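See structure below.
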Amino acid sequence: GRAGRHGGSRSSAGSGQQSVTGVSAADDGNSYWRVRGRTAAVCQRGAPVRCGQAIRLTHLGTGRNLHSHRFSSPLSGNQEVSAFGEAGEGDYLDDWTVVCSGTYWVRDDEVRFQHTSTDVFLSVTGEQYGRPIHGQKEVHGMAASSQNNYWKVMEGIFMQPSEAFQMEQYHAEL
């Protein structure tokens with residue numbers, strides 16, 4: 001298919017949904033994703049995300065959700081990861097579980113995202129696209145956890161923790 005804008009080409013292989021690619025530049029304006037509650041769940045803004053909680057990641061530029069399903073990814077033959085839905089509304093295949101070590105997903109910690117329906121981990125192994133998105137890396141799902149599945153928040157807008165969370169922290173220290 002014809003390429004869309006940077007980071008959003010439609011590949012001819014796989015499902016035909018919008019590709020999700022990895023870029024090296026941390027300040028790429030197309031690299032921002034909003035953390036939301038899982039499909040049909042209410043998620044209070046400012047509420048901390050618990051390790052083990054299911055979330056959606058909605059791309060700020062397109063309003064599409066990070067999505068996976070049992071299609072093969074075009075370059076590596078792993079499971080395809082795409083961007084799906086309109087205005088933040090997709091389906092249950094947009095749900096990812098946050099895998100981290102403590103109680104909450106902390107800004108500077110490395111985390112894994114495990115697809116809630118198919119159990120693959122969101123991964124990058126280094127396969128690069130050619131034209132028209134030359135040098136961008138394929139993002140895909142892999143069954144095994146490894147160094148290729150670690151992700152870290154680099155920048156963005158961080159909400160103040162809710163009052164309920166602050167009270168919980170306070171009580172936890174008693």
Side-chain angles (χ1 to χ4, degrees), residues 1-36 38 49 51 53-86 88 90-101 105-158:
R2 197 168 68 79
R5 32 194 227 79
H6 169 76
S9 78
R10 291 180 182 272
S11 67
S12 54
S15 65
Q17 291 176 6
Q18 187 165 23
S19 301
V20 174
T21 59
V23 294
S24 301
D27 59 353
D28 185 326
N30 228 359
S31 299
Y32 292 108
W33 297 79
R34 189 155 62 102
V35 177
R36 302 172 66 209
R38 57 185 265 220
V49 177
C51 297
Q53 183 178 332
I55 61 163
R56 272 179 296 174
L57 290 163
T58 303
H59 188 247
L60 283 184
T62 62
R64 294 195 173 117
N65 296 327
L66 192 70
H67 180 93
S68 190
H69 46 195
R70 296 194 192 280
F71 281 86
S72 289
S73 61
L75 300 185
S76 65
N78 286 299
Q79 186 164 303
E80 182 181 77
V81 168
S82 59
F84 174 77
E86 298 297 329
D91 64 21
Y92 69 98
L93 292 169
D94 302 340
D95 294 345
W96 298 81
T97 300
V98 178
V99 180
C100 45
S101 53
W105 175 8
V106 180
R107 177 177 175 176
D108 291 325
D109 284 0
E110 292 182 326
V111 298
R112 290 186 169 106
F113 299 104
Q114 187 169 25
H115 193 238
T116 307
S117 294
T118 66
D119 293 337
V120 295
F121 292 94
L122 185 69
S123 306
V124 173
T125 52
E127 292 82 3
Q128 295 194 16
Y129 285 93
R131 291 174 172 275
I133 47 176
H134 179 71
Q136 293 185 29
K137 294 179 170 59
E138 179 185 83
V139 175
H140 48 246
M142 296 186 75
S145 63
S146 71
Q147 282 301 113
N148 301 319
N149 324 135
Y150 277 122
W151 297 87
K152 191 173 179 180
V153 174
M154 299 300 290
E155 56 175 29
I157 298 167
F158 299 93

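What's counted below: heavy atoms across the whole structure, side chains too, no hydrogens, waters or symmetry copies. This is a predicted model, so every value here is computed, not measured.
In this structure a side-chain-to-backbone donor-acceptor pair under 3.5 Å is present from Gln114 to Asp119. Counting only distance, with no hydrogens or angles, the side chain of Arg56 and the backbone of Arg34 share no donor-acceptor pair below 3.5 Å. Using modelled atom types, one side-chain atom of Trp96 and one backbone atom of Leu66 make a donor-acceptor pair closer than 3.5 Å.
Shown here are the side-chain contact (heavy atoms from CB on, under 4.5 Å) partners of Leu93, two or more places apart in sequence or in another chain: His67, His69, Asp91, His115, Ser117. Under the salt bridge (charged side-chain N to carboxylate O under 4.0 Å, His left out) criterion, Arg36 pairs with Glu89, not counting sequence neighbours. For Thr97, the side-chain hydrogen bond (donor to acceptor under 3.5 Å, both in side chains) test picks out Thr116, with sequence neighbours left out. Contacts of Glu110 classified as side-chain hydrogen bond (donor to acceptor under 3.5 Å, both in side chains), with partners at least two apart in sequence or in another chain: none. Remark: Val35 engages Val49, Ile55, Leu57, Trp105 in a side-chain contact (heavy atoms from CB on, under 4.5 Å) (not counting sequence neighbours).
Looking at every heavy atom in both residues, Ser82 comes nearest to Gln17 through OG-OE1, 2.6 Å. Between Cys100 and Val111, the shortest heavy-atom contact is CB-CG1, 3.8 Å. Between Val23 and Ser31, the closest heavy-atom pair is CG2-OG, 3.7 Å. Leu122 and Trp151 make their closest contact through O-NE1, 2.8 Å (heavy atoms, listed as atom of the first residue, atom of the second, distance). Scanning both residues, Asp108 and Lys152, for their nearest heavy atoms gives O-CE, 3.0 Å.
Going from atom CG of Asp94 over to atom OG of Ser68 covers 10.0 Å, rounded to the nearest 0.5 Å. Annotation: the span from Tyr129 atom OH to Gln136 atom CD amounts to 9.0 Å, rounded to 0.5 Å. Note that CD of Gln147 is 13.5 Å distant from OG1 of Thr125, once rounded to the nearest 0.5 Å. Atom-to-atom distance recorded for Asp95:CG and Asn65:CG is 8.5 Å, nearest 0.5 angstrom. To the nearest 0.5 Å, the span separating CZ on Arg64 from OG1 on Thr58 amounts to 12.0 Å. Here the CG-OH distance, from Leu60 to Tyr32, works out to 9.0 Å after rounding to the nearest 0.5 Å.
Side-chain atoms of Ser72 and Gln79 form no donor-acceptor pair, as typed in the model, at a separation below 3.5 Å. Side-chain atoms of Asn148 and Ser123 include no donor-acceptor pair closer than 3.5 Å.
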Applying side-chain contact (heavy atoms from CB on, under 4.5 Å) to Val98 and Phe113, what does each step give before you reach the verdict? CA-CA 5 Å; Val98 178; Phe113 299 104; 4.2 Å; yes

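Ser76 pairs in a side-chain hydrogen bond (donor to acceptor under 3.5 Å, both in side chains) with only one of the listed residues (Lys137, His140, Glu127), which is His140.
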